[in-house]
Amino acid sequence: FVNTYSARITGFHLEYEFWNNTPRDIENAKLLLNYIQESAGENRRVGAYIGWPTQEEMDILVPLVDRLFIHSYVPNGLTTFEYIKSRLDMVVQTQKEEGIENPLEIYPIFSAEPSFMGDWIRSNGLDKTENTFLQMLSKDSKMWQNYRIIKGYFYFSYRDWETDRK
């Protein structure tokens, strides 16, 4: 199937919250990512959603993916970067230690849910939300551009944002 529709499928994404299992289940995430890599075919990117990995878990994940989707579920757009900074630092540490030179594509995920950034997005819009994140990133004293690149943004729960706009 994957090879039949190669023009339509450009990548795969794993959303497996291994950190929410007791015990934590990084080995299953690794098996799933290896399977995706082996089955994806050529020139298809593999990504994973991460919530709260440890450095050891990040060391396992980073070499297996081209993209990471990192949630920044905060109520105020001024804190989006600070909320994911520790996870960005873990990505860079892994890339340096493993000698991975290609930048990993990073996609922050902002939540439009009312309990998170719904009010902020409604009041400030998407451009300000994203520009605020980039401004905070540019102030970071540890700009490792060779290791990470903010490729774009994802917004969770579009229906909440859409409801807010009506």
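If you're wondering where the values come from, they're calculated on a predicted model, not measured in any experiment.
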Distance col, row Y153:OH vs L126:CG, nearest 0.5 angstrom, shows 11.5 Å

Before giving the answer on side chain to side chain contact (heavy atoms under 4.5 Å, CB included), spell out for R67 and K151 the whole-Å C-alpha distance, their side-chain angles and the decisive distance to 0.1 Å. CA-CA 9 Å; R67 303 172 171 152; K151 193 70 171 179; over 6 Å; no

Report the distance from atom CG of L78 to atom OG1 of T129, rounding to the nearest 0.5 Å. 10.0 Å

Which is it for M58 and V91 under the side chain to side chain contact (heavy atoms under 4.5 Å, CB included) test, yes or no, and what are the steps along the way? CA-CA 7 Å; M58 194 70 87; V91 168; 3.9 Å; yes

Pairwise side-chain contact, M136 with T79, heavy-atom cut-off 4.5 Å (strictly under): no

I would like to know whether F110 and F133 meet side chain to side chain contact (heavy atoms under 4.5 Å, CB included); could you show each step before the answer? CA-CA 10 Å; F110 304 132; F133 179 88; 4.1 Å; yes

Do side-chain atoms of Q37 reach the backbone of L64 as a donor and acceptor pair under 3.5 angstrom? yes

Test side chain to side chain donor-acceptor pair (under 3.5 Å) applied to D59 - qualifying residues, sequence neighbours left out: Q55, T94

Donor-acceptor contact below 3.5 Å, side chain D25 vs main chain F18: no

Partners passing side chain to side chain donor-acceptor pair (under 3.5 Å) against E82 (at least two apart in sequence or in another chain): none

When rounded to the nearest 0.5 angstrom, what distance separates OH in Y49 from CZ in F69? 12.0 Å

Parallel, tilted or perpendicular: which one describes the rings of H71 and W52, with boundaries at 30° and 60°? perpendicular

Would you say I109 and Y73 make side-chain contact, with heavy atoms under 4.5 Å? yes

